[in-house]
Amino acid sequence: MRYFLLSFKAIFMKDIVTEFRSRQVLPTMIVLGMLIIWVFRIASEVASAEVSAIGPIALWVAFLFAGLLAQERSFATEEHQDCIHGLMLAPIDEGTIYLAKLLVNIIMLSIFEMIIVPAAIVAFELTLSRSILTLVGVLMLGNVGLSSVGTLFSAIVQLTRTKGSLLSVMVLAILMPMMIPATFALLAVFGDIPAELIGTGALSVVGSFKSAIMFMVVFDAVFVVACWLLFGFAIKE
Amino acid sequence: MSKEKLTSDREQFVVDVKGVSKAFTARRVLDRIDIEVGRGECVFICGINGAGKSTLLYTIAGLLGADSGSVKLCGYSVAHDPEKAKAHLGVISHKSMVYPDLTVIENLSFFTTLYGVKNAKARIDELLSDVKLTRYKYDKAGILSRGLLQRLAIARALVHKPSVLLADEPFTGLDKKSCDDLRNTLSDFVEQGGTVMMTTHDTRMGLACASRVIILDGSKLILDRPTEEIDADSFDADYISYGRGVV
């Protein structure tokens with residue numbers, strides 16, 4: 001256990017130090033996130049929907065695409081100089097690499113959200129109808145879901161040399177089921193969801209805020225464990 | 001197998017490759033390869049591009065899985081006991097496997113942690129001195145010259161005092177001085193009881209370093225001889241014909 005923790009910490013710290021020295025991902029994520037918020041804010045002026053209903057949707061779009069950027073980068077750094085082989089040759093369980101990379105991606109997305117969420121609150125004039133802890137909880141559940149899938153597929157894509165497009169296609173397809181309760185939950189945090197939206201369409205399958213949270217918890221648990229177990233197979237050959 | 005026999009095997013063959021075959025889609029790259037390498041041997045593997053040299057080394061390292069056959073390092077199966085097998089293995093190639101945004105000392109410190117090296121600081125200082133990188137220890141790996149980067153790669157590969165060193169084209173891109181330094185490092189490693197398996201297209205350098213030569217051709221092992229039995233001039237002129245002729 002101690003060896004696992006030491007290896008985990010070493011890989012985690014290496015990735016954090018590498019990112020903050022190279023400053024390649026976070027600035028790009030922030031620019032992309034701001035651009036998405038801005039485009040949705042302009043679009044909301046001509047849409048018939050409430051401005052406050054567009055905000056949470058814009059946020060999830062920003063998290064998805066900015067998350068993909070961070071996840072793609074997490075294994076692109078390992079490809080340089082065949083560093084991934086250096087990691088794979090070490091006598092550590094491959095799952096340790098996955099968990100350390102996952103935590104780095106969650107942290108990157110959290111830092112991104114700390115900047116983008118306040119910007120969206122101002123741009124879309126959002127008000128919290130639940131506690132700020134609830135907002136943080138919903139965002140964290142979303143982060144874990146996005147990062148668990150993205151981290152695994154980033155490794156697969158980098159090693160199969162198919163690069164970015166395949167990552168986006170695979171990750172977005174798998175995340176689709178989580179986006180429904182995630183959108184529901186964020187809409188509920190930023191105000192009451194109109195009854196007509198709950199009663200019809202995709203959001204009707206969620207039903208309530210509580211069931212949205214439950215769905216996200218289950219999704220996160222299943223995908224973190226599944227991706228952790230599959231990671232060893234994914235990075236070989 | 002009895003414990004006594006297992007221990008005996010571990011002492012006899014540090015690298016034990018038995019009937020290894022490997023194919024990429026329809027193309028067979030390795031066909032039932034058998035190699036046994038003892039402690040203190042330096043094996044030079046040669047063959048034309050695509051002969052399967054790197055595939056063989058990557059299969060021994062466990063980075064590629066064999067389609068059939070088995071690989072053991074110091075008695076531990078690479079497929080079934082990878083963590084114990086990897087603990088005995090160091091790998092260098094023409095790519096350094098180090099992180100350009102970390103300093104020399106940070107890179108070595110990272111790998112000492114992954115390998116669970118005790119007294120890491122002392123080991124790092126010793127390695128930096130051995131590969132003459134002490135004055136560059138606070139420089140980022142990304143700004144090092146090719147020669148210095150290869151020295152760092154060697155330090156990384158030796159950080160846990162492995163029994164076996166696999167070197168895939170380690171001389172690529174190095175100037176003569178760096179090649180000589182690397183050759184001396186490999187010789188020192190072998191003198192201390194280490195085992196080296198390396199590939200290079202520089203046949204003169206390969207013969208100078210090695211105690212044994214293996215030629216791969218058409219996915220098969222066509223020659224396996226001690227270096228002293230090799231006629232260096234004929235071998236250097238056309239080692240494939242030499243290998244076929246001898247066999």
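Chain letters run A, B, ... following the sequence lines, proteins first and then strands; every chain starts at 1.
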Interface check, chain B: of A:Ile11, A:Thr96, A:Thr77, most non-hydrogen pairs under 4.5 Å belong to A:Ile11

In terms of heavy-atom pairs under 4.5 Å, which option from A:Ala10, A:Ser22, A:Ser7 contacts chain B the most? A:Ala10

Tell me, do A:Gln81 and B:Val98 make a side-chain contact under 4.5 Å, heavy atoms counted? no

Do B:Lys86 and A:Ile92 touch side chain to side chain, with heavy atoms closer than 4.5 Å? no

[atom2] on [Y] to [atom1] on [X], rounded to 0.5 Å:
| X | Y | atom1 | atom2 | value |
| --- | --- | --- | --- | --- |
| A:Leu87 | B:Leu114 | CG | CG | 6.5 Å |
| A:Lys14 | B:Asn107 | NZ | CG | 9.5 Å |
| A:Leu89 | B:Leu89 | CG | CG | 6.0 Å |
| A:His80 | B:Asp101 | NE2 | CG | 8.0 Å |

Which one of B:Pro100, B:Ser109, B:Ala141, B:Ala61 has the most heavy-atom pairs closer than 4.5 Å to chain A? B:Pro100

As a quick check of understanding, evaluate side chain to side chain donor-acceptor pair (under 3.5 Å) for B:Tyr99 and A:Glu78, giving each step before the final call. CA-CA 8 Å; B:Tyr99 295 91; A:Glu78 300 296 346; 2.5 Å; yes

If you compare all heavy atoms of A:Asp82 against all heavy atoms of B:Met97, which two are closest, and at what distance to 0.1 Å? O-CG, 3.4 Å

What is the minimum heavy-atom distance between A:Pro91 and B:Ala87, and which atoms define it? CB-N, 4.1 Å

Could you tell me which portion of B:Lys84 (side chain, backbone, both or neither) has an atom closer than 4.5 angstrom to a non-hydrogen atom of chain A? neither

For [X], does the [atom1] atom have more than 12 heavy-atom neighbours from other residues, nucleotides or ligands under 6.0 Å away?
| X | atom1 | result |
| --- | --- | --- |
| B:Arg146 | CZ | yes |
| A:Trp228 | CH2 | no |
| A:Ile132 | CD1 | no |

Between A:Glu94 and chain B, which part of the residue has a heavy atom less than 4.5 Å away: side chain, backbone, both or neither? side chain

Ring centre gap for A:His85 and B:Tyr58 strictly below 6.0 Å: yes

Under the salt bridge (Lys or Arg N to Asp or Glu O under 4.0 Å) criterion, do B:Glu106 and A:Arg21 qualify, and how do the steps go? CA-CA 13 Å; B:Glu106 284 169 341; A:Arg21 280 192 189 154; 2.7 Å; yes

A:Val217: what forms a side-chain contact (heavy atoms from CB on, under 4.5 Å) with it, not counting sequence neighbours? A:Leu141, A:Ile213

